[in-house]
Number of protein chains: 2
Amino acid sequence: MPVSRREQILAVAESVLEAEGPASLTMRRLATELGIRAPSLYKHVRSKDDIEAGLQERALRGIGEAVAAAGPELSRLTAAYRAWATAHPRLYELATRRPLHREALGPDVEESAAAPLVAAAGGDEHLARAMWATAHGLVDLELARRFPPGADIDRAWRVAFEALAPRTRPARERTGLSRDGSATVAPSPAPAGRGTPPG
Amino acid sequence: MPVSRREQILAVAESVLEAEGPASLTMRRLATELGIRAPSLYKHVRSKDDIEAGLQERALRGIGEAVAAAGPELSRLTAAYRAWATAHPRLYELATRRPLHREALGPDVEESAAAPLVAAAGGDEHLARAMWATAHGLVDLELARRFPPGADIDRAWRVAFEALAPRTRPARERTGLSRDGSATVAPSPAPAGRGTPPG
DNA sequence: GAAGCTGGGCTAACAGCGTTAGCCAGTCCA
DNA sequence: TGGACTGGCTAACGCTGTTAGCCCAGCTTC
């Protein structure tokens, strides 16, 4: 009873989505699961889209925590990212497909999820975005079964991130930060005082 | 009149989807656009899902042609890929979200779309998949507006593909093919006779 | 203790969705 | 002439998200 009814709805929505896919995520189904009728949900939630936005925020938080718990090393970071996504494939899908309503989000969610990656990129925000996109792309294509059946996906991850790791990149392209790939979180020299997170 | 009715439906579906988004892609809407009633569509098409599969194939073909027309140079390849995706964002989305029904596809579609990238990767299929995932990830996150508002996305592309380009990668990780990044389509030394395409 | 407010359930209903069944006009070919 | 096939049609089903409006329990305030 300490959890709000809204949070309860989101928890049920998450489990239904993950267990049976987005087609089963209906208002009537959620209501049944909670022992009430569909219209009653609207006392706690604005719309179905509102529920999906809540799931997105939950997913972002979950990914952020998983990645933060993995420590600063890049290979463990990417492994944690991939592990979370494959453990919650439908939630990951929903979270990345939806455009982000930043104002409706807890203000720290996006940044705290991005911070470890920026650190692993040696503070280079552009490299961090490249890494993020690569990780997302690998996960997304794997989840959508777009790689051919026998493809060695582990190896694609290794090849990608050995190429992207800061220590192996030529110095000329760096943004003037320390070249040793250490985990300093120095913000990139963006116009604004603090660096924009990769997303 | 030389085009089949099915092809007509797909063309209308493509333009409606691109112009107004997936919510407007309804059977009744397509029928209205063609001057008939919704149930008549089922004389030419099995289901709405069948239409979406058709759109996916069209998209794959379109991407393949655009990329092939860009020539062998990696930077032009990636530019063509990104340009196609941003010119047909909803179609790109639909094409990559759907799992691929390979048996229902023209057998050459997937391979021919992949071939130029494998070539640009110096024949290294794993690197080709890494590149593909990176390009897809960059496009996908951009289309979903997941990058923060001021992000320099062009630069993320440059950073990513300068790191991934075969000529700048250390030789130890290569699969023993020519190291000069030339456009030889030599298959990678996979167990099967011809190399598996990246997807 | 009575009155009133409010939170949170309910039923009924609406418009729109994909889809099926069954009917019928026209065309083509034997 | 007649049968088969093509490609329309109407009617309808069960599902969806959502709204309107009702009502009861419990709390607060006279």
Output yes when at least one side-chain N/O atom of B/His44 is less than 4.0 Å from OP1 or OP2 of D/dG8, else no.
yes
Is it true that A/Arg129 and A/Asp124 make a salt bridge, defined as a side-chain N closer than 4.0 Å to a carboxylate O?
no
Taking C/dT19, D/dG17, D/dT10 as options, the one with an atom nearest any side-chain atom of B/Arg37 is D/dT10
Separation of B/Leu41 atom CG from D/dT6 atom P, in whole Å?
18 Å
For A/Glu18 and A/Arg90, indicate whether the former's side chain and the latter's backbone hold a donor-acceptor pair under 3.5 Å.
yes
Can you tell me the distance, in whole Å, between the CG atom of A/Asp49 and the C1' atom of D/dT16?
15 Å
Does atom CZ of B/Arg82 have more than 12 heavy-atom neighbours, drawn from other residues, nucleotides or ligands, at distances under 6.0 Å?
yes
What integer distance in Å separates B/Arg6:CZ from D/dT6:P?
17 Å
Centre-to-centre under 6.0 Å for A/Trp132 and B/Phe147, is that the case here?
yes
Would you check if the side chain of B/Thr32 reaches a backbone N or O of B/Arg28 as a donor-acceptor pair within less than 3.5 Å?
yes
Using a heavy-atom distance cut-off of less than 4.0 Å, which residues of residues 24-32 of chain A contact DNA chain D?
A/Leu25, A/Thr26, A/Met27, A/Arg28
Side chain of A/Pro39: nearest nucleotide among C/dC10, C/dG9, D/dC9?
C/dC10
To the nearest Å, how far apart are A/Tyr42 OH and C/dT11 P?
16 Å
Between A/His136 and A/Tyr92, how do the two ring planes meet: parallel, tilted or perpendicular, split at 30° and 60°?
tilted
Interatomic distance where CD1 belongs to A/Ile36 and P belongs to D/dC23 [whole Å]
20 Å
OP1 or OP2 of D/dG8 under 4.0 Å from side-chain N/O of B/Arg5:
yes
Measure NZ/A/Lys43 against P/D/dC22 and give the value in whole Å, please.
12 Å
Starting at NZ of A/Lys48 and ending at P of D/dT19, how long is that distance when rounded to a whole Å?
15 Å
Treating A/Gln56 as the side-chain partner and A/Arg98 as the backbone partner, does any N or O pair qualify as donor plus acceptor under 3.5 Å?
yes
